[in-house]
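Okay, so here's the structure we're looking at.
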Amino acid sequence: QVQLVESGGGLVQAGGSLRLSCATSGRTFSNYAMGWFRQAPGKEREFVAAIRWSAGSTFYAESVKGRFTISRDNAKNTVYLQMNKLKPEDRAVYYCAAGYPSQHVAVVAAYDYWGQGTQVTVSS
């Protein structure tokens, strides 16, 4: 089984920064990908960022481009999400996901495994 554990969430003021971590364990595949999604109260889960493990290719939602950065640490089997210039609208529960999508890394259906989520709160 593949297990994911998120950490790093918390409270931050608007304009501040926060770094989320996702530690993974278990079997993987050659085209494995890791993604970050978020879900605010009353809204559907939305794509934030993704990275293909082997190639290192990254993908971002338009709403976070230039502010968020996804990266990986191969030795630790961990993926990170560095969030800068946070806005109140970034408030949500952030989820780490893993899967092996062939092309569409920005959709929920592309991922098979999910973490429990970590809360990010941004104050005005």
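These figures come from a predicted structure and were not determined experimentally.
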Step through it carefully: locate the ring centre of Trp114, locate the ring centre of Phe37, and say whether they are under 6.0 Å apart.
yes
Suppose we screen for ring pair (Phe, Tyr, Trp, His ring centres under 6.0 Å). Which residues come up paired with Tyr60, at least two apart in sequence or across chains?
none
Under the side chain to side chain contact (heavy atoms under 4.5 Å, CB included) test, which residues partner Ser7, sequence neighbours left out?
Ser21
The criterion is side chain to side chain contact (heavy atoms under 4.5 Å, CB included); which residues satisfy it with Val105, sequence neighbours excluded?
Ala50, Arg52, Phe59, Pro101, Tyr111
side-chain hydrogen bond (donor to acceptor under 3.5 Å, both in side chains) partners of Arg19, counting only residues at least two apart:
none
With sequence neighbours left out, what residues match Asn84 under side chain to side chain contact (heavy atoms under 4.5 Å, CB included)?
Ser17, Gln82
Which pair of non-hydrogen atoms, one from Trp36 and one from Cys22, has the smallest distance, and what is that distance?
CZ2-CB, 3.7 Å
For Arg72, check side-chain hydrogen bond (donor to acceptor under 3.5 Å, both in side chains) against everything at least two apart and list the hits.
Asn74
Taken in chain and number order and not counting sequence neighbours, the residues that satisfy salt bridge (charged side-chain N to carboxylate O under 4.0 Å, His left out) with Arg67 are Asp90
Show every disulfide (SG to SG under 2.5 Å) that has at least one partner inside residues 31-84, sequence neighbours left out.
none
Hits for ring pair (Phe, Tyr, Trp, His ring centres under 6.0 Å) against Trp53, two or more places apart or cross-chain, chain-then-number order -> none
List in chain and number order the residues that pass side-chain hydrogen bond (donor to acceptor under 3.5 Å, both in side chains) with Lys65, two or more places apart in sequence or in another chain; answer none if no residue qualifies.
Glu62
side-chain hydrogen bond (donor to acceptor under 3.5 Å, both in side chains) involving Tyr95 - partner list, sequence neighbours excluded
none
Solution key, residues 115-124 side-chain donor-acceptor pairs under 3.5 Å, sequence neighbours excluded:
from	atom 1	to	atom 2	distance (Å)
Thr118	OG1	Gly9	N	3.2
Gln119	NE2	Ala92	O	3.4

